[in-house]
Amino acid sequence: MGGTSMGTATDVDGKFKLFVPADTATLVVSFIGMKTEVVKIPRLKAGVEQKELTIVLREEDVKLEDVVVTGIFTRKKESFTGSASTYSAAELKTMGTQNILQSLKTLDPAFAILEDNQFGSDPNRLPNMEIRGKSSMLGLRDELDADPNQPLFILDGFESTLAAINDLDINRVASITILKDAASTAIYGSKAANGVIVVETVKPEAGKLQVSYTGNMNLSMPDLSSYNLMNAREKLEFERLAGRFEPASWSTTSEVELNRLYNEKLKVIESGVDTYWLAEPLRVGVNQKHSLYVQGGEGNFLFGLGAGYNGVSGVMEKSDRDVISGNIDLIYRMSKFQFSNKFSLTSTDYRNPIVAFSEYAAANPYYKKRNETGTIEKWLENNNFFKAANPLWNASQNSRDEGKNLALTNYFMAEYFPTVEWRVRARLGLTYGNDDTEKFYSRNDTRFENMETIKKGEYRSSNTRTNQVEGELSVTYAKVLGKHRINLVVGGNVSSNKSLTQGYSAVGFPDGDFSYPSFSNGYPENGTPTYYESVSRSVNGYFNTGYSFDDRYLMDFSLRTSGSSVFGTSRKYNTTWSVGLGWNLHKEKFIMDHVGWIDLLKLRASIGNPGNQSFDSAQSLLTYSFQYGSMNYFGLGAVLAQIGNPDLKWQITVDKNIGLDVTLFNKRFSLTADYYYKVTDPLLIKVSTPLSSGTETYMTNAGEQVSQGLTASVTYYIFQNFEERFSWMIRANVRTQKTRIDKIGNKLSTLNSSGKGSNTVRYYDGADPDDIWAVKSVGIDPSNGKELFYAKDGSYTYDFSYDDEVICGNTRPDVEGVIGSSLNWKGFSVSLNFRYQMGADVFNEALYSKVENISRSDLNKNQDKRALYERWQEEGDIVRFKNIASAETTPMSSRFVQEENVLTLESVYLGYEFYDGWIKKLGLSSLKFQVSMRDVFRASTIRSERGISYPFARSMEAGLSFNF
């Protein structure tokens, strides 16, 4: 009630009751997403009751970032103390419609998708990602059979998977919220240390039957700009200077034969042969996406029916991913109850190329792809001195690598509203997944060249079935008492996850199209089928409260007790908590009365200890394996396979955050900044054990990891006239972070030792796990072409020793982020976004393996141009790389570490939307055309090959959508 502290809230049907004074009263009616209405109630006579008052709220264009959706509760952002960002479907689509995660990467500085230099744009490869750095030290998936730094995904209130979110049709998405700090994530307790991504799908709307369609056509083009390979003439000259045509042990016959081979190659080059092998397996991928949604209903019943198709053709031949999806959304309301059910089905067929892109990149350009008759031959060259396989041969066989995946989900929710303050909610989620993969390698594949005839050809089959059941019961209370606003949530959750993986191999196949296991000669020698079953269960209870006084002073508190079968038998349960405080300074009188251009000024701080249980459920169990060659008097023998650890502790991260939210000049300027300091203690790591223990590694708790960083986003409207539907906005975001590990001691000494010579990652107390460790190099001695090194005492030496390793760089950029701009005028909209990265150091693998470290056998492969032009050849040469005639192994030194600064045009969007006029005559309520591009260009200060097994790609997309 205007001018008073009296108020009420409606029930689920919009009904309310309020006692007002006899004098004239003013009602202020508001709801998130709707325009506020002010209604005057005329003076009533004493004892007269106005029994019915109908108020209709009109929809308002309020951005979803005004609220925070956690998947368990929804809060007004102004009264929330946590660090969270919410993005609408429209915002996501302006960054591109291919994938919601790629769009999210452009919009939010805290969310990072790590570039996969090995597999580039492979459509069947799931991305690695993190929110505000790593909470676990060992970040590679194959270390623990899972990614312990992957955020938790929540889809419509239920735990989901990266694969499900990655394949989710962007047209089904209503909003995505990123929960970042402890105050916003601790409600998810032991799974939330890496942040939480909450996805809400669209819900059916009441009214006349509505049909929405969106169609997109996409072109994906391979990006080979990072490759710097020799042409035919350059490669032959490099081989000559490197001594390839000089016999290893001199003989007249060998010398004559090698000279003949050289002259033959030279003759072929002079005839004009210069094969560009990189183009052979590539294509322009033509992709299409279609989405249809039908919704309607009145009164108590609403429904929505959806169907979608996403056909992805990768930039390599035989690389495809076809996703067919369908969903049914139902809502039923009766009195104080509401029931909703969301069912979805996703069917995926995928196919991968048999021959990796790296094999084409390795083929020498002086070889012809086909012989004079146009036939593809097995060998490009095969004689007593040189042997080179033709990658087109293996690709042309009837080999295959393909699979099918089926995912079914059903989310049911029942809500009861006994009063306007109370809500009781029960939810049940069921998920089923089935994944089948098949790999077949033809007997004619070059990998079987030296094998027995009866063992040539191989078939592999694998099946994984998953079942997930999740149930939750919660009670919510919300009440405004004068200047006091209270929100309470209490609930419990139980879940069960089961997976079963089965597989087998068969070898020995005949020629022809006989590629199924029934045609095989049998199982591999000493081979056995695979059967692995995993079961994990958890039970959780949680409590959350939010309190604000006069909308100025804010407090959030969360407490969650979790039990999980993932950890040791003596450590099954753990309690996590968080506290958040906030201060809305713009609500203070000294600002409200004197500084009118401040719309929002809020300080936030939080602390909590969310956990991480993204680990294999069998890590804490003592396991044995049978040895069929160890029969004895007592029966079949068994040996220790894994040492169990009943005292394995939960990995807990103490997360501290300080944040600032600012909005100025009638919402023309906005700034959000957060500084975080996270300490994970204890870490969960694998340590080496003595061979006498019977196993090589042991899972234990040791050490701590500290991650700290700053993220900030700023937007400014240069022009803002919503009445004329005209606005021009610029935006920028930035991220910087550092990590340190400590208290490890010598527990990872074996891992550090084994990495010397194969990688640059080391784990030492006080060091950053992203540091690059190598021996510092002085450079190449101009007098002899040999490398000089710095010893630890600062002296020069030709003798290389890994004991002289020091930190030579760090792979994390000093700063990175996005700078963009958006222009909207009536139905026209355009958006540009540039990504920048500064101060990152990289170990340039192309320099290490394709400029140096080229052995005699590696001369059979094409190499980087710099191997010819930038290596030492004669006394006095001042160059970066050693003697061109040296085929000895080059150790990892600082010569190969380079600072990389990158600028990328990450996304371009252009769209036009029709609202009225001629489209009404067609029966349409809206019509929109759009064109977008991603990864338009990339400029880097270094040259290093990107996309080794699968190249990167640029994409261009055109689409239309309409409603009627």
Side-chain angles (χ1 to χ4, degrees), residues 64 67-75 80 82-89 92 100-101 104 108 110-111 126 129-132 147 149-170 172-203 327 329 340 342 344 346 407 409-413 425-431 433 466 468-474 476 489 491-497 536 538 540 542 544 558 560 562 564 576 578 608 610-614:
L64 275 170
V67 297
V68 176
V69 181
T70 69
I72 294 179
F73 58 82
T74 300
R75 294 271 172 84
F80 188 63
S83 177
S85 300
T86 300
Y87 303 99
S88 67
L92 293 167
I100 59 175
L101 297 177
L104 207 59
D108 200 286
F111 179 75
L126 292 175
M129 62 192 63
E130 59 186 38
I131 296 177
R132 307 210 305 184
D147 185 356
N149 291 299
Q150 182 178 290
L152 176 67
F153 294 96
I154 302 297
L155 177 61
D156 290 324
F158 295 89
E159 187 174 339
S160 189
T161 64
L162 171 58
I165 300 299
N166 193 62
D167 283 335
L168 184 64
D169 182 358
I170 194 171
R172 285 191 58 201
V173 175
S175 69
I176 296 182
T177 300
I178 304 179
L179 308 178
K180 306 170 187 178
D181 70 337
S184 57
T185 65
I187 193 70
Y188 290 104
S190 61
K191 297 181 179 181
N194 300 322
V196 183
I197 296 178
V198 181
V199 181
E200 293 286 313
T201 59
V202 295
K203 299 176 182 178
N327 61 288
D329 304 329
S340 62
K342 285 179 172 284
S344 66
T346 303
T409 63
N410 193 82
Y411 299 151
F412 173 76
M413 180 170 66
R425 181 176 65 188
R427 299 195 291 195
L428 177 66
L430 304 174
T431 302
T466 58
Q468 177 179 314
V469 180
E470 183 177 357
E472 183 184 61
L473 178 65
S474 64
T476 302
V489 180
N493 172 283
V494 293
S495 66
S496 173
N497 292 275
S536 65
S538 66
N540 310 274
Y542 58 83
N544 173 271
S558 291
R560 184 176 179 121
S562 304
S564 174
T576 57
S578 75
N612 186 352
Q613 54 172 290
S614 300

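Since we're looking at a predicted model, the values are computed, not measured. This chain uses plain numbering: 1 for the first residue, then up along the sequence.
- Here the shortest heavy-atom pairing between Gly71 and Glu200 reads CA-OE2, 4.5 Å.
- Shown here are the side chain to side chain contact (heavy atoms under 4.5 Å, CB included) partners of Val494, two or more places apart in sequence or in another chain: Val539.
- To the nearest 0.5 angstrom, Leu152 atom CG is 7.0 Å from Lys191 atom NZ.
- Closest approach of Ile131 to Pro151, counting heavy atoms only: CD1-CB, 3.7 Å.
- In terms of heavy atoms, Tyr87 sits closest to Asp108 at OH-OD2, 2.6 Å.
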What's the verdict on side-chain hydrogen bond (donor to acceptor under 3.5 Å, both in side chains) for Asn493 and Tyr542, showing C-alpha distance, side-chain angles and the deciding distance?
CA-CA 8 Å; Asn493 172 283; Tyr542 58 83; over 6 Å; no
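- Nearest heavy atoms, Lys180 versus Arg132: O-NH2, 3.4 Å.
- Note that the CG atom of Leu126 and the CG atom of Leu162 stand 4.5 Å from one another [nearest 0.5 Å].
- Side-chain contact check for Leu101 versus Phe111: some heavy-atom pair is nearer than 4.5 Å.
- Thr177 and Thr86 share a side-chain donor-acceptor pair at under 3.5 Å.
- At a threshold of 4.5 Å between non-hydrogen side-chain atoms, the residues Phe153 and Thr161 do not count as touching.
- In this structure, OH on Tyr188 lies 9.5 Å from CD on Glu159, to the nearest 0.5 angstrom.
- Between Ser495 and Ser538, the side chains place a donor N or O and an acceptor N or O closer than 3.5 Å (distance only, hydrogens not considered).
- No donor-acceptor contact under 3.5 angstrom links the side chains of Ser88 and Ser175, judged on distance only.
- Between Val68 and Thr74 the shortest side-chain heavy-atom distance does not fall below 4.5 Å.
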Could you go step by step and tell me if Ile197 and Ile154 meet the side chain to side chain contact (heavy atoms under 4.5 Å, CB included) rule?
CA-CA 6 Å; Ile197 296 178; Ile154 302 297; over 6 Å; no
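- Nearest heavy atoms, Asn497 versus Gln468: OD1-OE1, 2.9 Å.
- Between the side chain of Asn194 and the backbone N or O of Gln150, at least one donor-acceptor pair lies under 3.5 Å.
- Between Asn540 and Arg560 the shortest side-chain heavy-atom distance falls below 4.5 Å.
- Residues Thr185 and Leu179 share a closest heavy-atom pair of CG2-O, 3.4 Å.
- Counting heavy atoms from C-beta outward, Ile72 and Arg425 have side chains that approach closer than 4.5 Å.
- With rounding to the nearest 0.5 Å, the separation of CD1 in Ile100 from CD1 in Ile170 is 7.0 Å.
- With a 4.5 Å cut-off on side-chain heavy atoms, Leu104 and Ile176 count as touching.
- Checked against side chain to side chain contact (heavy atoms under 4.5 Å, CB included), Phe158 has the following partners two or more places apart in sequence or in another chain: Tyr411, Arg427, Glu470.
- Taken to the nearest 0.5 Å, the NZ atom of Lys203 stands 7.0 Å off from the OG atom of Ser340.
- Taking Ser578 as the reference, Ala182, Ala186, Ser558 meet the side chain to side chain contact (heavy atoms under 4.5 Å, CB included) condition, with sequence neighbours excluded.
- At least one side-chain heavy atom of Ser160 sits under 4.5 Å from a side-chain heavy atom of Ile165.
- With Ser344 as the fixed residue, the side chain to side chain donor-acceptor pair (under 3.5 Å) test singles out one of Thr409, Thr201, Asn327: Thr409.
- Summarising the geometry, atom CG belonging to Asn544 is positioned 4.5 Å from atom CD1 belonging to Ile187; distances are rounded to the nearest 0.5 Å.
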